[in-house]
> 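The structure is given below, and queries will be raised subsequently.
Fair warning: this is a prediction, and the values are worked out from it, not measured in the lab. In what follows, every heavy atom counts, from backbone to side chain, and hydrogens, waters and symmetry copies are set aside. Chain letters run A, B, ... following the sequence lines, proteins first and then strands; every chain starts at 1.
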Amino acid sequence: MAKKSRLHIPRPSARPGDKPDFSYLNLSAAGAVDRPPIDSRTRDIEYLSSDLVRVLNDDHTAKGPWDPNIDPGELQVALRWMLLSRVFDKRMWQIQRQGRISFYIEALGEEAVSVGQAMALRPGDMCFPSYRNQGLYMYRGVKLVDMMCQCLSNTGDMCKGRQLPIMYHSNKANVFSISGNLGTQYPHAVGWAMASAIKGEDHIAASWVGDGATAEADFHHAITFAAIYQAPVILNIVNNQWAISTFQGFAGGERRPFAARGLGLGIPGIRVDGNDLLAIYATTQWAADRARRGGGPTMIELVTYRGGAHSTSDDPSKYRPKDEWAAFPLGDPIERLKQHLITEGHWSDEKHEELEEELTAEVLAAWKEAQQYGTMTEGPFLDPATMFDDIYAETPAHLESQRRRMIEVEGS
Amino acid sequence: MAKKSRLHIPRPSARPGDKPDFSYLNLSAAGAVDRPPIDSRTRDIEYLSSDLVRVLNDDHTAKGPWDPNIDPGELQVALRWMLLSRVFDKRMWQIQRQGRISFYIEALGEEAVSVGQAMALRPGDMCFPSYRNQGLYMYRGVKLVDMMCQCLSNTGDMCKGRQLPIMYHSNKANVFSISGNLGTQYPHAVGWAMASAIKGEDHIAASWVGDGATAEADFHHAITFAAIYQAPVILNIVNNQWAISTFQGFAGGERRPFAARGLGLGIPGIRVDGNDLLAIYATTQWAADRARRGGGPTMIELVTYRGGAHSTSDDPSKYRPKDEWAAFPLGDPIERLKQHLITEGHWSDEKHEELEEELTAEVLAAWKEAQQYGTMTEGPFLDPATMFDDIYAETPAHLESQRRRMIEVEGS
Amino acid sequence: MPQMNMIEAIRSALDVVMDRDPSVVILGEDVGYFGGVFRCTDGLQRKYGEHRVIDAPISEGGIIGAAIGMGVNGLRPVPEIQFADYIYPGFDQIVSELARLRYRSCGDFFSPVTIRAPCGGGIRGGQTHSQSPEAIFAHVSGIKTIMPSNPYDAKGLLISSIESDDPIIFFEPKRIYNGPFDGDPEKPAVSWASHSKGEVPEGHYTVPIGQAEVVQSGEELTIVTYGTLVHVAQAAANAAGVDAEVIDVRSISPLDVETLTTSVNKTGRCMIAHEATRFGGFGAELAARIQKDCFYNLEAPISRIAGWDTPYPHAFEWQYFPGKKRMIAGIKSIMEVE
Amino acid sequence: MPQMNMIEAIRSALDVVMDRDPSVVILGEDVGYFGGVFRCTDGLQRKYGEHRVIDAPISEGGIIGAAIGMGVNGLRPVPEIQFADYIYPGFDQIVSELARLRYRSCGDFFSPVTIRAPCGGGIRGGQTHSQSPEAIFAHVSGIKTIMPSNPYDAKGLLISSIESDDPIIFFEPKRIYNGPFDGDPEKPAVSWASHSKGEVPEGHYTVPIGQAEVVQSGEELTIVTYGTLVHVAQAAANAAGVDAEVIDVRSISPLDVETLTTSVNKTGRCMIAHEATRFGGFGAELAARIQKDCFYNLEAPISRIAGWDTPYPHAFEWQYFPGKKRMIAGIKSIMEVE
Ligand SMILES: Cc1ncc(C[n+]2csc(CCOP(=O)(O)OP(=O)(O)O)c2C)c(N)n1
Ligand SMILES: Cc1ncc(C[n+]2csc(CCOP(=O)(O)OP(=O)(O)O)c2C)c(N)n1
Ligand SMILES: [Mg+2]
Ligand SMILES: [Mg+2]
């Protein structure tokens with residue numbers, strides 16, 4: 001074969017041993033990006049997909065037209081949820097490392113996404129999350145102990161042992177069931193939103209996929225349907241720079257931001273600082289308003305960084321610099337909100353420490369409670385015979401007979 | 001259910017009985033659109049995806065920077081191929097109506113697409129066509145009689161009776177095998193182009209899909225891979241306004257031209273008058289040059305009109321005005337090239353009539369010849385036992401035994 | 001009772017259900033203004049509006065994915081896939097989502113989607129307009145797969161499917177849309193008026209999912225089949241002069257094992273027939289199950305008559321199609337076994 | 001001869017073929033710099049460069065679609081699908097394109113793609129990291145489907161597959177990547193060093209496609225199986241004290257019918273075992289075929305031991321998995337038949 005070639009292979013800016021380099025990220029200053037009216041034409045607001053909407057400034061003040069002017073009390077609540085998500089993750093990660101649950105995925109560094117967006121939605125709006133949106137479930141009222149029981153596959157498991165840890169669901173909280181297959185939830189959200197419009201209701205849908213998952217077919221299906229029917233839906237892309245070992249350039253992020261993916265169909269895109277709770281809240285609210293008033297879909301790219309490993313099965317030191325997160329120019333979402341509140345005089349390091357202790361205790365208490373419903377090694381145990389339930393609305397004869405046979409042979 | 005609703009339902013501008021209305025088409029004047037250098041950055045040439053590149057003016061002269069200055073002799077050749085495609089289609093349509101072939105698809109009104117683009121490519125470049133690109137096969141040397149034999153499923157059929165009429169293929173001519181499944185050829189073209197780049201070769205690939213087929217997953221797969229690896233490929237969208245009964249708005253064409261679909265991935269798009277052979281040639285050449293020099297993929301939307309029914313199984317009078325084609329502002333590609341040549345003094349009505357007669361005779365002769373290889377009712381007939389060939393490189397035992405059984409029972 | 005062909009019966013089912021239940025919506029390619037390439041939805045958009053009979057982009061994955069979301073939001077979507085051969089781009093949504101949603105969320109979420117798709121050959125459709133992929137769906141737990149063989153069942157089963165809270169793949173054998181077919185393409189077409197199941201009530205009724213039907217009883221041989229071949233099998237048994245019991249499976253999954261095994265235990269012989277390729281086809285499941293449950297009564301090996309293990313070739317569809325000749329040969333050879 | 005586990009054997013196969021043939025390229029999610037989530041391609045990008053071991057976007061349909069185009073342009077692509085459960089988004093490209101290209105163009109075009117995908121459960125992967133979808137692919141004419149059960153076969157069959165001009169789906173039972181497994185999850189893991197087929201030549205060799213292997217000969221019962229269950233079946237037969245002939249199918253399609261029927265005609269009893277759900281599973285094809293060809297020698301109905309007709313539940317994978325207990329019970333009940 002000839003040597004000559006023009007196949008372009010995307011490369012991350014740094015590999016293990018290299019100095020982290022985020023110069024590829026196009027950053028705007030806090031407050032620098034205009035906030036257009038929600039009835040703007042897509043073509044007039046393309047800048048929103050290439051600039052970066054930021055509110056929290058380096059000096060920790062809130063700046064510019066996107067400042068949502070949230071009440072400090074509410075911001076403390078937001079901080080609480082973010083911290084809870086992190087404390088929860090930390091504990092569950094340890095628990096997995098101790099072999100007490102089989103698998104875990106943390107949202108380290110991305111907590112502002114779920115919390116900020118959940119805050120901007122109404123309870124009747126429906127969320128179609130990815131596996132890194134635990135904050136959504138928490139914010140919307142799913143109890144920690146219930147989430148832990150799910151991870152334990154114990155008698156309190158909402159999934160009755162059928163799903164990998166973290167594959168939560170809650171109809172009551174209007175957060176959908178998480179799938180193992182990437183991106184499949186995106187068209188569901190659009191269909192749900194279409195149904196809402198068909199029924200003449202006021203609810204909107206929101207969905208989340210990772211940068212990597214945008215390459216899946218369902219991403220295309222979703223944006224196509226959303227654009228055609230002008231479905232009231234917010235399509236979020238959580239660009240945390242990595243998809244397991246693969247840099248976001250391999251999802252096509254090299255040439256144009258992910259926020260621009262819907263432009264060709266007339267869907268406006270907003271690129272937002274994914275570690276800036278205020279900016280996230282503000283852009284989500286903008287998109288939600290737009291959807292609710294018949295303006296159709298909006299795509300939001302949340303620029304953030306996957307602070308931890310992909311999952312407990314992953315070792316990122318094999319493919320990226322160990323200190324990459326520390327060098328990420330958008331920092332840590334919790335730290336940033338904390339400093340903002342401190343700067344504004346509504347918070348302090350002491351309060352923060354107290355809160356962390358409180359949440360740690362809350363998580364610990366939940367963990368103690370969860371174990372009462374059983375662990376992987378100690379009872380009470382879920383009845384394996386339930387594995388034949390819920391395949392259909394009513395269990396057909398062949399499954400009943402397999403259930404009997406299972407009980408017979410496995411002696412359950 | 002409540003009455004209130006915001007589900008947007010696209011509507012064509014006219015239905016049967018209505019006056020045709022193409023005011024939705026954004027037209028540019030011939031010569032009005034700049035021709036940028038091939039190494040332009042995608043963001044600097046976005047206008048190419050919204051304006052309409054046109055060369056042939058209403059006064060039949062060639063205008064502006066995209067005029068490819070093709071030698072009149074070559075243009076006469078192009079005219080010949082377009083006319084041949086139309087004459088061929090007309091005959092085959094009649095033949096189907098007489099029940100002598102089972103099915104047919106014509107390219108009426110879209111002849112400039114295949115011929116203009118084929119002219120701008122090199123023989124070593126590979127084409128991945130849709131089912132409405134018969135002109136590609138013709139231009140690249142596939143004999144009419146071979147195409148007719150394919151439609152007849154006779155002993156001369158390149159497909160040995162396996163495929164519906166019009167599902168041609170030609171490895172020799174570098175035109176791929178046509179699939180029944182819409183859009184599947186798009187990622188093939190990208191993979192082929194990637195292989196060309198991997199091997200360090202100079203060949204590029206081109207593929208064609210309809211406006212309707214852009215909604216398929218493979219469209220997304222193809223543009224994603226093309227953008228990431230900067231594959232040397234031309235991705236054409238033949239926007240003939242209709243997908244069977246469905247207006248292109250249902251493929252998302254209402255808000256932004258199809259040419260813009262790749263912009264979000266950094267793929268430049270060109271919107272071109274699909275009935276203007278000169279503009280088609282020029283834009284294709286531009287894209288081919290760009291690809292060959294390592295500039296990566298280009299998307300071309302060819303704005304045209306499906307002059308006839310979708311296929312012989314379709315009756316368009318049920319869903320669109322009968323006279324819609326006549327009102328199409330970009331006219332008839334053959335008529336326009338003819339008038340251009342006449343205006344420039346290189347052609348005449350008489351010559352045109354002569355040519356048409358000549359081609360009609362050529363097609364008729366081919367039809368006569370084709371029938372010698374058998375018709376649907378008269379021999380020679382293809383041997384049905386061949387249906388067990390080519391499923392694998394070598395026919396495995398179970399298929400050989402089924403072949404024997406088939407011969408036994410069917411008594412072939 | 002009115003006469004209907006299968007297209008009319010399907011349209012009538014859709015009409016009846018849409019009329020009763022405002023949550024039923026249709027979406028698919030060309031289904032709205034145009035009424036579908038096979039006219040199954042003709043007139044429904046005019047009657048129920050553009051928000052309930054929705055023209056969709058050419059995107060089977062999107063159609064099914066969006067339908068799932070609609071179902072989760074309280075609608076009962078009935079997507080049409082233009083040809084069964086084009087269901088594959090939606091395969092992941094069917095297998096990984098539609099079939100699994102209730103299970104993985106323990107009933108907290110479910111989506112009552114009924115996917116309609118014309119299947120089967122015999123209309124010179126070539127390999128991409130002729131496939132019968134029921135075996136592939138039969139293997140997927142969490143969905144039910146149906147294939148009616150006549151207008152009466154088509155309407156009754158379609159109503160049952162749409163009203164069911166389970167996701168259903170509803171295959172319509174398009175060769176018999178306009179009339180039953182005895183397997184001989186040379187003979188003039190017959191209309192559904194000639195068939196007792198061409199009589200179809202106007203209003204609401206159901207045919208239960210999960211029940212096979214003995215369409216002809218007999219003592220010497222059981223023929224287990226479904227779709228177009230139900231009619232071919234009856235003609236072949238007649239022509240072969242064999243007193244065959246012909247069973248229309250109707251519900252591929254869940255399967256009515258008892259009706260099948262009762263019959264085979266009685267006759268002692270069993271032939272299975274379907275249009276799809278044999279290898280790994282649904283006939284394999286039927287044979288595997290019947291040999292197990294009827295072993296002591298079987299007087300001959302169970303045989304399968306099916307499409308060859310090739311694609312469905314355009315010009316040789318009648319050589320591919322397991323028609324009367326092949327059926328008769330199969331019947332004879334199974335009856336010859338002592 | 002060197003010891004290799006299955007991962008090393010697969011990597012060695014890829015290495016050997018890439019070294020001999022510059023047209024072989026690998027593409028897939030995380031396969032390049034990182035070497036694959038199961039490490040099967042570890043080191044290959046360093047050795048053969050970024051143009052031959054290509055990290056791909058998360059787009060199974062795109063990976064397979066692009067691979068087909070590469071194959072048409074003279075390369076031999078070996079795409080990896082990260083888990084067999086994620087092959088469905090590429091299903092249309094496999095069924096409608098890869099499997100059909102040679103046929104529809106009468107050999108004028110073809111694409112020699114080998115799709116590798118880890119399959120099967122037993123690693124606590126839950127329902128979306130545990131599936132065995134071989135039955136679905138077995139039904140598709142035009143592709144071949146392989147599943148090895150040990151390092152030696154894995155390497156030899158993978159080399160055969162990549163060198164073949166036919167498209168191949170190559171399923172790798174990930175439960176036995178690191179060692180054989182007798183079905184008892186409580187017992188300590190065993191390494192391939194303990195198994196004779198853990199000895200794998202460094203260089204080039206092939207194991208032919210389309211040939212089953214008798215891995216243990218016996219007189220009383222034939223157990224037909226493949227993948228992980230080959231080892232479980234041997235352990236179960238041993239534990240049951242039955243002189244069983246255990247056959248590793250290896251090649252799901254094309255199927256080596258003769259090896260199976262010769263054995264069953266000898267033993268008179270047959271048990272089929274696979275991990276996938278039973279209904280419509282590949283065991284159905286095996287049973288249907290064997291009952292036909294061995295009818296007069298069968299002393300008991302053919303039985304199938306398989307995954308239940310449920311998704312693969314995370315916490316109950318060992319209740320789902322057709323392990324030793326169920327196998328032994330199956331063996332006993334088939335041996336009890338007089
Ligand atoms: C259809 C499918 N293909 C592959 C996988 C395996 N997989 C799980 S997560 C993942 C990476 C996803 O990356 P991204 O979308 O960026 O989300 P993130 O993990 O960064 O939040 C991959 C490849 C899968 N789950 N589903
Ligand atoms: C996967 C798939 N879905 C549906 C069809 C049925 N079908 C054939 S052509 C067609 C319309 C295509 O329209 P467009 O892409 O605009 O091409 P045009 O016919 O206008 O050239 C449809 C829906 C198909 N062939 N393949
Ligand atoms: Mg990511
Ligand atoms: Mg079109």
> Please classify the contact of D:D256 with chain B as side chain, backbone, both or neither, using a heavy-atom distance under 4.5 Å.
neither
> Find out whether D:Y86 and D:E29 are in side-chain contact, i.e. whether some heavy atom of one side chain is under 4.5 Å from a heavy atom of the other.
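With C-beta onward as the side chain, the pair stays apart.
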> Where on B:D389 is there a heavy atom nearer than 4.5 Å to chain D: the side chain, the backbone, both, or neither?
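Just its backbone gets close to chain D.
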> Are D:F137 and D:F91 an aromatic pair, judged by ring center distance below 6.0 Å?
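Yes, the ring of D:F91 comes within the 6.0 Å limit of the ring of D:F137, centre to centre.
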> Highest number of heavy-atom pairs under 4.5 Å with chain D: which of B:A195, B:A222, B:A231, B:A397?
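Looking at each option in turn, the highest pair count goes to B:A195.
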> Quick one: what part of D:I143 sits under 4.5 Å from any heavy atom of chain B, side chain, backbone, both or neither?
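Backbone of D:I143 only, per the 4.5 Å heavy-atom cut-off to chain B.
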> Please state whether the side chain, the backbone, both or neither of B:F225 comes within less than 4.5 Å of a heavy atom of chain D.
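Side chain of B:F225 only, per the 4.5 Å heavy-atom cut-off to chain D.
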> For B:E400, does the CD atom sit with more than 12 other heavy atoms under 6.0 Å from it, leaving out its own atoms?
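Yes, CD of B:E400 has more than 12 neighbouring heavy atoms, counting only those of other groups under 6.0 Å.
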> Please classify the contact of B:A393 with chain D as side chain, backbone, both or neither, using a heavy-atom distance under 4.5 Å.
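Both parts, backbone and side chain.
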> Using a cut-off of under 4.5 Å for heavy-atom pairs, which of B:G180, B:S170, B:A205 has the most such pairs with chain D?
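Between B:G180, B:S170, B:A205, the count favours B:S170.
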> Between D:K144, D:M70, D:R104, which has the largest tally of heavy atom pairs under 4.5 Å with chain B?
D:R104
> Checking heavy atoms, do the side chain of B:F176, its backbone, both or neither come under 4.5 Å from chain D?
both
> Under a 4.5 Å cutoff for heavy-atom pairs, which residue among D:V25, D:I64, D:I63, D:L27 has the most contacts with chain B?
D:I63
> Using a 4.5 Å cut-off on heavy atoms from C-beta on, say whether the side chain of D:D165 contacts that of D:R76.
yes
> Does a donor on one side chain and an acceptor on the other come within less than 3.5 Å for D:D15 and D:Y48?
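Yes, D:Y48 and D:D15 have a side-chain donor paired with an acceptor closer than 3.5 Å.
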> Answer with side chain, backbone, both or neither: which region of B:M158 has an atom nearer than 4.5 Å to a non-hydrogen atom of chain D?
backbone
> Who wins among B:I228, B:T184, B:L399 for the most heavy-atom pairs under 4.5 Å with chain D?
B:T184
> Among D:P57, D:A99, D:G49, who wins on heavy-atom pairs under 4.5 Å with chain B?
D:P57
> Between B:S179 and B:Q185, does any side-chain donor sit less than 3.5 Å from a side-chain acceptor?
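No, no side-chain donor-acceptor contact under 3.5 Å.
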> Heavy-atom cut-off 4.5 Å, strictly under: side chain, backbone, both or neither for B:M167 against chain D?
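The answer is neither part of B:M167.
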> Is a side-chain donor-acceptor pair under 3.5 Å present for D:Y226 with D:E134?
yes
> Judged by modelled atom types alone, do D:S96 and D:D92 share a side-chain donor-acceptor pair under 3.5 Å?
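Note: D:S96 and D:D92 side chains meet the donor-acceptor criterion.
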> Please look at B:I178 and chain D and tell me whether the side chain, the backbone, both or neither of the residue comes under 4.5 angstrom of a heavy atom of that chain.
backbone
> Consider only side-chain N and O atoms of B:S177 and D:S105, and report whether a donor and an acceptor are under 3.5 Å apart.
no
> I'd like to verify something: which residue of D:G210, D:A56, D:G61 has the highest number of heavy-atom pairs under 4.5 Å with chain B?
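Among the listed options, the one with the most contacts to chain B is D:G61.
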> Is there side-chain contact between B:L121 and B:C127, with at least one heavy-atom pair below 4.5 Å?
yes
